[in-house]
Amino acid sequence: MTTASTPPAPAAPSASAVTFGLDTFGDVTVDADRRSVGHARTLRDVVAQAELADRVGIDHFSVGEHHRPDFAVSAPDIVLAAIASRTERITLGTAVIVLSSDDPIRLYERFSTLDALSGGRAELTVGRGSFTESFPLFGHSLQDYETLFEEKLDLLATALRERPVSWSGSIRPPLKDQELFPPLERELPTWVAVGGSPNSVVRAARHGLPLMLAIIGGSHERFAPYVDLFREATSQLGTGALPVGVHSPGHVAATDAEAREQLLEHWIAQRNQIGAERGWGPTGPAEFDAEMQHGALYAGSPETVARKIARTVQDLGLDRFDLKYANGPVPHEQLMTSIELYGTEVIPRVRELLAQGASDAAMPRRSPGR
């Protein structure tokens with residue numbers, strides 16, 4: 001979408017309105033002796049991590065779908081149902097559900113069930129996913145990548161808003177006045193995750209769904225044009241103002257040096273494993289430090305992480321920030337400390353900075369070793 005007009009500037013975020021979440025793929029962790037704890041224990045640990053997130057006042061907890069050996073979560077709704085039974089207030093979402101290889105109608109029914117069981121705490125973030133293992137696993141062709149996501153998102157959006165559901169497309173037989181059960185008792189918050197495609201940004205706006213930007217490398221400032229495009233598109237389409245969020249990796253420890261020490265080897269190992277699969281060159285400490293200082297890695301002490309988040313929220317005019325707190329096989333105990341610091345120190349400090357109109361833009365950047 002193009003226009004000769006100047007895109008609207010990001011709205012100044014209200015410190016009280018911005019919400020904060022945690023995301024995990026259930027990265028299979030190691031113990032103190034660097035031995036893998038396995039998928040089953042990792043899943044149980046994820047539930048314990050969500051319980052802690054609920055206790056320390058974090059707003060959202062989301063788990064992402066993958067079908068590969070390094071991530072334990074392949075059935076997010078099952079994990080979220082377990083978490084629902086052991087938490088009280090935190091919202092329970094996905095980061096993300098791979099909609100292209102799922103059934104939107106079954107997805108609706110699974111999450112309307114979760115919403116009922118959790119007392120209205122379910123939400124969805126859907127996307128095409130950055131991994132493609134689910135396509136052959138569930139009998140889909142990568143040649144249909146674009147068509148599957150476009151039509152399934154349209155069907156899901158229709159199911160979320162129309163009762164009964166009538167829909168037709170090329171990917172399945174049409175639906176005519178179809179009732180879905182259990183029916184939702186409220187509007188289910190549903191976000192569209194985007195990694196950097198303008199077409200995907202406009203698609204989210206066209207369906208009237210909030211935008212979640214996955215910023216996993218480089219400066220957040222590179223994504224300002226996507227936020228402008230989304231706001232311009234929603235304005236032109238008449239959908240009204242819709243929330244914008246960011247999902248980025250990070251880790252919180254007592255000091256910058258401790259956060260670097262705990263995360264460095266795991267981040268590099270995961271990055272090189274995925275990079276080898278995708279034809280990327282190897283990485284090392286220099287790239288890690290660059291991402292920690294200037295890029296999309298929100299790692300460090302509570303003060304360092306809070307200032308970096310506040311700057312991102314201000315620069316992009318965000319409504320929500322989600323920290324992907326698990327990045328490689330970081331031990332469970334260190335993840336629990338990171339979650340506690342995020343909830344008890346980082347988030348309150350971000351709110352203070354937003355209320356003061358402050359950010360790390362006016363502060364000297366610190367070396368990750370200090």
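Just so it is clear, the values below take in all heavy atoms, side chains as well, and ignore hydrogens, waters and symmetry mates.
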Next item on the list: Check step by step if salt bridge (charged side-chain N to carboxylate O under 4.0 Å, His left out) holds for Glu303 and Arg349.
Entry: CA-CA 7 Å; Glu303 181 69 13; Arg349 181 60 175 144; 3.0 Å; yes
Checklist line | Pair Glu123-Arg320, salt bridge (charged side-chain N to carboxylate O under 4.0 Å, His left out): steps then yes or no | finding: CA-CA 14 Å; Glu123 64 174 28; Arg320 174 168 170 174; 2.8 Å; yes
Margin query: If you apply the rule side-chain contact (heavy atoms from CB on, under 4.5 Å), what do you find for Val246 with His220, and how did you get there?
Written below: CA-CA 9 Å; Val246 158; His220 67 271; over 6 Å; no
Checklist line | Residue pair Trp280, Arg271: steps toward the side-chain contact (heavy atoms from CB on, under 4.5 Å) verdict | finding: CA-CA 9 Å; Trp280 302 341; Arg271 163 65 173 75; 3.6 Å; yes
Next item on the list: Carefully, step by step, assess Leu263 and Leu297 under the rule side-chain contact (heavy atoms from CB on, under 4.5 Å).
Entry: CA-CA 11 Å; Leu263 185 59; Leu297 187 57; 4.0 Å; yes
Notebook entry, point to check: Could you walk me through whether Phe138 and His67 pass the ring-ring contact (aromatic ring centres under 6.0 Å, His included) check?
Noted result: CA-CA 11 Å; Phe138 299 120; His67 305 270; 5.3 Å; yes
Next item on the list: Decide yes or no on side-chain contact (heavy atoms from CB on, under 4.5 Å) for Arg41 and Ser36, but give the supporting numbers first.
Entry: CA-CA 10 Å; Arg41 178 174 160 187; Ser36 174; over 6 Å; no
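Note that CG of Leu209 is 7.5 Å distant from CG of Leu156, once rounded to the nearest 0.5 Å. With rounding to the nearest 0.5 angstrom, the CG atom of Asp177 is 10.0 Å from the CD atom of Glu162. How far CG of Asp102 is from CZ of Phe149: 12.0 Å, rounded to the nearest 0.5 Å.
For Thr87 and Arg121, the side-chain atoms include at least one donor-acceptor pair closer than 3.5 Å. For the residue pair Asp322/His247, the side-chain donor-acceptor check at 3.5 Å is not satisfied. With no hydrogens or angles considered, a side-chain donor-acceptor pair links Arg128 and Ser200 at under 3.5 Å. For the 3.5 Å distance criterion, the side chains of His60 and Thr19 qualify, holding a donor opposite an acceptor. Between the side chains of Gln334 and His251, no donor-acceptor pair is found at a separation under 3.5 Å. Looking only at atom types and distance, the side chain of Glu352 has no donor-acceptor partner in the side chain of Gln356 under 3.5 Å away.
With hydrogens and angles disregarded, no donor-acceptor distance shorter than 3.5 Å links the side chain of Asp256 to the backbone of Thr304. Between the side chain of Lys176 and the backbone N or O of Val165 there is no donor-acceptor pair closer than 3.5 Å. A donor-acceptor contact shorter than 3.5 Å links the side chain of Thr312 to the backbone of Lys308. Proximity of a side-chain donor or acceptor of Glu151 to a complementary backbone N or O of Gly169 within less than 3.5 Å is not detected. Remark: side-chain polar atoms of Ser85 are paired, donor with acceptor, to backbone N or O of Ala82 under 3.5 angstrom.
Scanning both residues, Leu318 and Val18, for their nearest heavy atoms gives O-CG2, 3.7 Å. Heavy-atom minimum distance, Ala326 versus Leu335: CA-CD2, 4.2 Å. The two residues Tyr108 and Pro182 make their nearest non-hydrogen contact at CE2-O, 3.8 Å. In plain terms, the two heavy atoms of Gln262 and Val330 that are nearest each other are O-CG2, 4.5 Å. Minimum interatomic distance between Val305 and Tyr298 (heavy atoms only, all atoms of both residues): CG2-O, 3.5 Å. Listed here is the closest heavy atom pair of Ala205 and Thr234: CB-CG2, 3.7 Å.
With Asp27 as the fixed residue, the side chain to side chain donor-acceptor pair (under 3.5 Å) test singles out one of His266, His66, Gln270: Gln270. Here the rule is side chain to side chain contact (heavy atoms under 4.5 Å, CB included) with Leu107, and of Thr190, Leu160, Ile97, Thr94 only Ile97 fits it. The only option from Leu92, Leu124, Leu184 that meets the side chain to side chain contact (heavy atoms under 4.5 Å, CB included) definition with Asp115 turns out to be Leu184.
A 6.0 Å sphere centred on CD of Glu179 holds more than 12 heavy atoms belonging to other residues, nucleotides or ligands. Sparse packing is recorded around CD of Glu187, with 12 or fewer heavy atoms of other residues, nucleotides or ligands lying under 6.0 Å away. Atom CD of Glu261 is surrounded by 12 or fewer heavy atoms from other residues, nucleotides or ligands within 6.0 Å. Within 6.0 Å of CG on Leu175 lie more than 12 heavy atoms contributed by other residues, nucleotides or ligands. Counting heavy atoms of neighbouring residues, nucleotides and ligands inside a 6.0 Å radius, atom CZ of Arg34 does not exceed 12 of them.
Using a 4.5 Å heavy-atom threshold, the side chains of Arg172 and Ile105 count as touching. Inter-residue side-chain proximity for Gln293 and Phe288 is flagged as unmet; no heavy-atom pair is nearer than 4.5 Å. Within the 4.5 Å cutoff, the side chain of Ile58 has no heavy atoms near those of the Asp54 side chain. At least one side-chain heavy atom of His140 sits less than 4.5 Å from a side-chain heavy atom of Ser101. Val63 has its side chain within reach of Val46: a pair of non-hydrogen atoms, C-beta onward, lies under 4.5 Å apart. In this structure the side chain of Phe111 reaches within 4.5 angstrom of the side chain of Leu188, judged on heavy atoms. Side-chain contact between Thr91 and Asp59 is absent, with no heavy atoms from C-beta onward closer than 4.5 Å.
For His39 and Phe71, the ring centers are positioned 6.0 Å apart or more.
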